Amino acid sequence: MRSSIALLGLAALAAASDVHDLTKDSFEPFVKENDLVLAEFFAPWCGHCKALAPEYEEAATTLKDKAIALAKIDCTEQQDLCQSYGVEGYPTLKVFRGADNVQPYAGPRKAQAIVSYMTKQSLPSVSSLLSKDALEEFKTADKVVLVGFFGADDKSSNITFSEVADELRDSFLFGATSDAELAAAEGVKQPAIVLYKTFDEGKSTFEEGFTKDSVTEFAKTSSTPLIGEVGPETYASYMAAGIPLAYIFAETPEERESLAKTLKPVAEAHKGKLNFATIDAKAFGQHAGNLNLEAGKWPAFAIQDTQKNQKFPYTAQGSVSDLSEKKISKFVEDFVAGSVEPSVKSEPIPEKQEGPVTVVVAKNYQDVVIDNEKDVLLEFYAPWCGHCKALSPKYDELAGMFSAFTDKITIAKVDATANDVPDEIQGFPTIKLFKAGSKDAPLDYSGSRTVEDLANFIRDSGTHHIDVSGNSSGEGAQSMEGVETDQMPMQAPAATEAASSVASGASEATDSAASATETAKAGIKDKVAQAAGKILDVMDGDDELGEHDEL
């Protein structure tokens with residue numbers, strides 16, 4: 001009897017779901033019938049998929065009234081469908097406007113964030129606000145909205161605003177009105193932009209210098225709280241902001257609030273130059289190690305240059321008195337002036353290279369990877385990473401195949417948990433090719449981790465085009481340097497699905513899935529907005545995920 005009741009309960013729960021369960025037969029008709037669809041490609045065993053499920057259900061219920069459909073596809077049963085859309089990890093979320101217009105979902109994976117993101121997708125890039133009531137409703141439609149007050153004949157301002165809106169529509173809601181009376185009622189004169197927000201002073205105004213870059217900078221700077229909080233929903237936006245981030249680590253909400261109040265004048269004095277944010281040291285204290293702080297010694301303060309991935313830990317930590325306004329102000333002023341040296345975490349340079357793979361550490365990174373005319377294939381790994389361990393013998397074999405060409409190619413690896421590297425690495429293993437002649441634009445490897453595919457990637461994408469195909473020892477391999485390759489198919493650059501330039505983004509996490517099928521491939525995960533989740537998931541400690549290969 002009990003089992004019957006339980007089954008009835010499960011059946012009722014399934015019937016109540018507002019998330020549509022699709023198959024290869026129902027998928028295409030569904031996306032044709034619905035103008036806007038968010039689809040989740042998942043696996044039942046995926047820990048992050050389980051964590052997303054209630055958030056996804058809540059979002060689906062909220063968005064149903066807005067005619068925005070949420071769907072899910074079980075990739076263990078619909079393998080061909082998932083493969084056709086390039087699904088390499090779980091959960092993968094994509095936005096569909098018909099079967100052919102597909103974009104990666106670049107927002108956080110919380111119910112409110114999903115609702116906010118998909119609402120933005122459903123609206124035009126700039127909504128026309130024709131009345132006071134429409135303006136008042138729009139002002140509270142999201143945590144941050146931007147409204148342009150321009151004359152109807154002001155083509156320049158309208159075009160600039162629309163261009164910014166097209167680029168930032170994933171992040172903000174944009175509205176515009178040409179009604180001069182509405183502008184006057186809001187205390188501005190045309191042309192002007194007002195950013196309405198649910199924090200700090202409530203709104204910020206922009207009234208001069210209407211260029212695309214200046215409006216974009218205004219939107220990003222003014223939309224960031226004076227002292228916010230780093231968490232799964234905000235990390236990606238901080239990383240994408242383009243300015244350094246100052247972290248305030250503390251264990252309790254009361255202490256974080258107190259320190260934020262103490263350091264508010266410092267944040268105000270440097271607004272636009274640095275972002276300031278508190279971070280829960282109990283939940284995310286492990287992240288202190290990434291900033292070269294001593295984890296467990298709270299409170300603490302550090303600055304991260306998000307563009308260069310440089311860390312500037314404030315050495316005095318463990319006491320509230322260490323984080324006084326006077327002391328932190330001096331440290332921040334010195335940082336802005338360029339008089340604070342970055343902290344570099346590095347293992348010792350190996351006295352002798354053992355094995356076919358060259359070991360890179362922070363102290364020899366520049367010499368081995370950048371300052372030479374070689375192609376360098378570099379694996380960023382973590383000692384605890386299961387996929388890295390599985391790759392290791394293949395990577396050794398790959399290095400052996402290229403051993404006859406060490407003057408043109410280096411196969412290398414770096415422990416990214418023990419050495420500071422210039423790039424923010426979002427998951428393990430990450431493999432990049434630093435081509436001779438273009439070291440400032442490394443190519444991310446997104447193919448399957450087989451010796452053959454890696455060798456082909458080096459051949460097709462490297463500057464020297466060294467071909468060792470069919471030769472596991474490297475003997476008899478041919479260099480294709482000087483050979484005409486214009487018609488040669490090239491390996492595609494990284495299959496990263498970014499929130500614009502961030503942005504993304506990150507970005508909770510995509511399980512670095514050891515796929516349940518032979519055909520699924522492990523690849524580089526969606527970046528930007530999802531980057532934050534990947535890092536913070538491990539800070540948060542997801543015990544049910546088992547072997548988790550992301551930061």
Side-chain angles (χ1 to χ4, degrees), residues 195 197-204 217-218 220-231 234-235 237-345 420 424 532 535-536 539:
L195 183 146
K197 49 192 172 183
T198 59
F199 48 85
D200 293 347
E201 68 274 28
K203 68 178 184 179
S204 299
E217 183 179 356
F218 164 73
K220 290 184 176 181
T221 301
S222 300
S223 63
T224 304
L226 186 61
I227 298 184
E229 183 166 3
V230 175
T234 61
Y235 184 87
S237 61
Y238 278 122
M239 292 299 103
I243 59 176
L245 174 61
Y247 295 82
I248 306 166
F249 284 85
E251 289 188 286
T252 66
E254 295 77 17
E255 192 171 44
R256 291 194 291 278
E257 184 178 351
S258 175
L259 286 168
K261 185 176 181 180
T262 297
L263 299 180
K264 183 178 179 181
V266 185
E268 287 176 333
H270 298 281
K271 185 172 177 62
K273 296 179 181 177
L274 281 85
N275 284 325
F276 283 71
T278 61
I279 181 168
D280 185 343
K282 277 189 177 178
F284 308 124
Q286 185 178 340
H287 189 51
N290 296 332
L291 301 169
N292 297 350
L293 285 167
E294 182 181 342
K297 200 172 181 181
W298 317 120
F301 183 86
I303 298 173
Q304 179 183 9
D305 184 328
T306 58
Q307 299 300 295
K308 299 178 182 177
N309 196 29
Q310 293 179 332
K311 296 87 180 276
F312 301 82
Y314 183 60
T315 53
Q317 60 179 105
S319 170
V320 171
S321 62
D322 292 329
L323 274 62
S324 68
E325 178 188 344
K326 182 178 179 181
K327 292 178 180 178
I328 295 301
S329 180
K330 176 67 166 59
F331 180 70
V332 173
E333 287 172 3
D334 289 344
F335 168 80
V336 172
S339 58
V340 180
E341 289 294 323
S343 169
V344 179
K345 177 172 61 177
D420 286 335
E424 183 82 25
I535 292 174
L536 291 167
M539 293 181 196

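Nothing fancy with the numbering, it's 1 onward along the sequence. Computed from a predicted structure; not experimentally measured.
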Measuring from atom [atom1] of [X] to atom [atom2] of [Y], what distance do you get when rounded to the nearest 0.5 angstrom?
X      : Y      : atom1 : atom2 : answer
Thr234 : Asn275 : OG1   : CG    : 10.5 Å
Trp298 : Arg256 : CH2   : CZ    : 11.5 Å
Asp420 : Leu291 : CG    : CG    : 9.5 Å
Glu325 : Leu263 : CD    : CG    : 7.5 Å
Leu226 : Glu268 : CG    : CD    : 5.5 Å
Tyr235 : Thr306 : OH    : OG1   : 9.0 Å

Looking at Glu257, I'd like to know if its CD atom is crowded, meaning that more than 12 non-hydrogen atoms belonging to other residues, nucleotides or ligands lie closer than 6.0 Å.
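Counting other residues, nucleotides and ligands, CD of Glu257 stays at 12 neighbours or fewer.
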
Residues that [X] engages under side-chain contact (heavy atoms from CB on, under 4.5 Å), provided they are two or more places apart:
X      : result
Glu217 : Thr221
Ser329 : Val266, Glu333
Lys308 : Asp305, Gln310
Glu201 : Lys197, Ser204

Any idea which heavy atoms bring [X] and [Y] closest together, and the distance?
X      : Y      : result
Ala300 : Leu293 : CB-CD1, 4.0 Å
Thr262 : Pro265 : O-CD, 3.4 Å
Thr224 : Asp200 : O-OD2, 4.2 Å
Ser343 : Pro313 : CB-CD, 3.4 Å
Thr278 : Ala260 : CG2-CB, 4.2 Å

pair Lys311-Asn309: side-chain heavy atoms closer than 4.5 Å
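The answer is yes, as the side chains (C-beta and beyond) meet within the 4.5 Å cut-off.
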
Is there side-chain contact between Val332 and Ile303, with at least one heavy-atom pair below 4.5 Å?
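Val332 vs Ile303: side chains touch.
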
With Lys297 via salt bridge (charged side-chain N to carboxylate O under 4.0 Å, His left out) - residues at least two apart
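Expected list: none.
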
Partners passing salt bridge (charged side-chain N to carboxylate O under 4.0 Å, His left out) against Glu254 (at least two apart in sequence or in another chain)
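Counting only residues at least two positions away or on another chain, Glu254 forms no salt bridge (charged side-chain N to carboxylate O under 4.0 Å, His left out).
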
Quick one: side-chain hydrogen bond (donor to acceptor under 3.5 Å, both in side chains) partners of [X], sequence neighbours excluded?
X      : result
Lys330 : Asp334
Glu229 : none
Ser339 : none
Ser222 : none

Tell me which pairs pass ring-ring contact (aromatic ring centres under 6.0 Å, His included) where either residue lies in residues 324-345, with sequence neighbours left out.
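Listed once each, the pairs are Phe312-Phe335, Tyr314-Phe331.
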
Between Phe301 and Ile328, is the side chain to side chain contact (heavy atoms under 4.5 Å, CB included) condition met? List the steps.
CA-CA 8 Å; Phe301 183 86; Ile328 295 301; 3.7 Å; yes

For residues 238-252, which side-chain N or O atoms pair as donor and acceptor with protein atoms under 3.5 Å away, sequence neighbours left out?
unit_1	atom_1	unit_2	atom_2	d
Tyr247	OH	His287	NE2	3.3
Tyr247	OH	Gln304	OE1	2.9
Thr252	OG1	Glu255	N	3.0

